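Within every chain, numbering begins at 1; the chains are lettered A, B, ... in the order of the sequence lines, protein sequences first and strands thereafter. No hydrogens, no waters, no symmetry mates; every other heavy atom, side chains included, goes into these values. Predicted, not measured: the structure shown is a model, and the values here were computed from it.
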Number of protein chains: 2
Amino acid sequence: MQLTRERIITAAMELIERDGANAVSMRRIASELGTGVMSLYNYVPSRAALLDGVADQVMSSIELTIDPGASWEDQVRAQARAFQQIARTYPRCTMVVVSRPADSPATLRPVELALATFRSAGFGGEDAVRAVRAFIAYIVGSLVREVGVTPGLEPQRPLGQDPAILAADRPILNPAEFPQVTSLTAELMRRDHDADFEFGLDLLVRAVADLRPARRS
Amino acid sequence: MQLTRERIITAAMELIERDGANAVSMRRIASELGTGVMSLYNYVPSRAALLDGVADQVMSSIELTIDPGASWEDQVRAQARAFQQIARTYPRCTMVVVSRPADSPATLRPVELALATFRSAGFGGEDAVRAVRAFIAYIVGSLVREVGVTPGLEPQRPLGQDPAILAADRPILNPAEFPQVTSLTAELMRRDHDADFEFGLDLLVRAVADLRPARRS
DNA sequence: ACCTGAACACCGTTCAAGT
DNA sequence: ACCTGAACACCGTTCAAGT
């Protein structure tokens with residue numbers, strides 16, 4: 001089968017999702033595709049460029065459906081959730097996306113839509129930009145916290161397993177030094193990423209709503 | 001000079017800050033310290049453990065001075081800024097911190113303080129936990145956006161340089177497809193991380209303040 | 001007991017030789 | 001022109017031999 005840039009990127013993504021992200025070596029991708037390593041370089045200039053391609057591919061997969069009837073608050077929420085959805089679909093590719101500068105058309109498309117939403121809600125250009133940045137920071141942080149990977153991009157523990165902030169087998173924390181953490185063990189152990197995400201998202205949406213200048217429509 | 005775990009971690013941090021973070025190889029650290037590679041393994045079980053040590057070291061360096069006279073809002077702000085300060089002091093180590101699960105005493109200390117602050121402001125345990133998580137997500141996302149590194153942990157461009165969202169030498173975006181992004185080029189190019197951080201931080205603080213139940217004191 | 005060189009099974013990428 | 005094997009300069013870690 002013909003080697004293409006697209007096939008190489010797809011193979012890289014599958015490899016990342018299957019074996020963790022530091023399993024992405026040019027050599028492994030090549031053997032996955034049944035080619036010699038150097039054949040890849042006819043379609044992709046370097047490993048770094050390949051990972052940029054992976055990030056772009058993931059960003060392009062975000063489904064930004066707009067409901068014109070919804071309030072701007074709900075539109076913002078929907079856009080944020082579409083972003084957050086990456087962690088569900090490509091958990092191990094998430095860090096690749098998050099750790100690359102966002103300046104390709106694929107990454108600017110969600111920015112464009114978010115800016116348009118804030119502007120049509122009545123925000124000025126500068127406030128719209130700042131609001132979008134605040135949401136992006138929150139979403140990116142949520143993604144990072146949710147997938148929790150090593151610098152090598154390999155999930156520390158099997159995905160879905162609890163981060164074990166205070167598991168029984170951990171070195172006991174001194175209750176005198178950590179009164180809150182030890183007394184709130186139950187709350188800290190209970191992780192519901194969706195609920196956590198919605199909680200913070202709601203905070204931001206309502207705070208931004210308070211900023212909004214005079215009505216528009 | 002005697003090899004110690006501390007000296008190894010310090011050398012790793014210097015190497016990361018000097019040459020970018022994928023310059024951290026066991027071999028480079030060893031040659032930096034004038035030892036054989038394998039000598040390191042008498043003090044550190046693996047490269048991954050070494051990076052955990054680096055993350056711990058950075059987290060321990062956060063200065064969490066508390067001003068008991070300040071409002072709880074200002075205390076939360078001060079704690080968030082102390083966190084954010086990491087990006088200034090150890091820009092290239094930041095991703096190492098951010099990409100590791102936070103369950104060591106060094107990383108739980110700021111959590112403990114934040115929980116105590118919210119609780120003494122009158123929040124219940126569950127709300128305090130959720131608020132702390134929202135702030136952490138925002139701070140982590142801000143750090144990631146600010147240092148902007150590759151999965152290999154190497155800054156894409158010299159630090160301090162503009163991310164060039166829309167630099168003149170980039171492929172021109174279609175203004176019909178990106179009306180907001182193209183018309184807001186000036187705002188998008190102007191990056192003031194401190195101002196951006198304060199903007200979002202203020203949103204969160206005020207939104208959380210609205211949540212607060214009946215007074216306490 | 002602590003230390004460490006050699007070796008193993010990997011990397012990304014250059015370069016020159018093949019078609 | 002497109003393709004690719006050999007080679008180079010790297011990795012982290014095991015293992016066995018040294019002290």
To the nearest Å, give me how far apart [atom1] ([X]) and [atom2] ([N]) are.
X       : N      : atom1 : atom2 : answer
B:Arg47 : C:dC10 : CZ    : P     : 18 Å
A:Met26 : D:dA7  : CE    : P     : 21 Å
A:Gln2  : D:dC2  : CD    : C1'   : 10 Å
B:Arg27 : C:dC11 : CZ    : P     : 15 Å
B:Leu50 : D:dC11 : CG    : C1'   : 15 Å
B:Ile8  : C:dC3  : CD1   : C1'   : 13 Å

Given pairs defined as Watson-Crick or G-U wobble with both distances under 3.5 Å, what dot-bracket annotation applies to DNA chain D, with ( ) intrastrand, [ ] crossing, | other strand and . unpaired? ||.|||||...|||||.||

Examine the side chains of B:Thr117 and B:Gln79 and answer whether a donor and an acceptor come within less than 3.5 Å of each other. yes

Do any of residues 29-44 of chain B sit with a heavy atom less than 4.0 Å from DNA chain D, and if so which? B:Val37, B:Met38, B:Tyr41

Can you check whether [Y]'s main-chain N or O pairs, donor with acceptor, with [X]'s side chain at less than 3.5 Å?
X        : Y        : value
A:Arg7   : A:Gln2   : yes
B:Glu187 : A:Gly125 : no
B:Arg133 : A:Leu188 : yes

Can you name the closest pair of heavy atoms from [X] and [Y] and give their distance?
X        : Y        : result
A:Trp72  : A:Val205 : CH2-O, 4.4 Å
B:Ala137 : A:Ser142 : CB-OG, 3.7 Å
B:Asp56  : B:Ser104 : OD1-OG, 2.7 Å

Could you walk me through whether B:Glu6 and B:Gln57 pass the side-chain hydrogen bond (donor to acceptor under 3.5 Å, both in side chains) check? CA-CA 9 Å; B:Glu6 199 188 18; B:Gln57 183 65 34; 5.8 Å; no

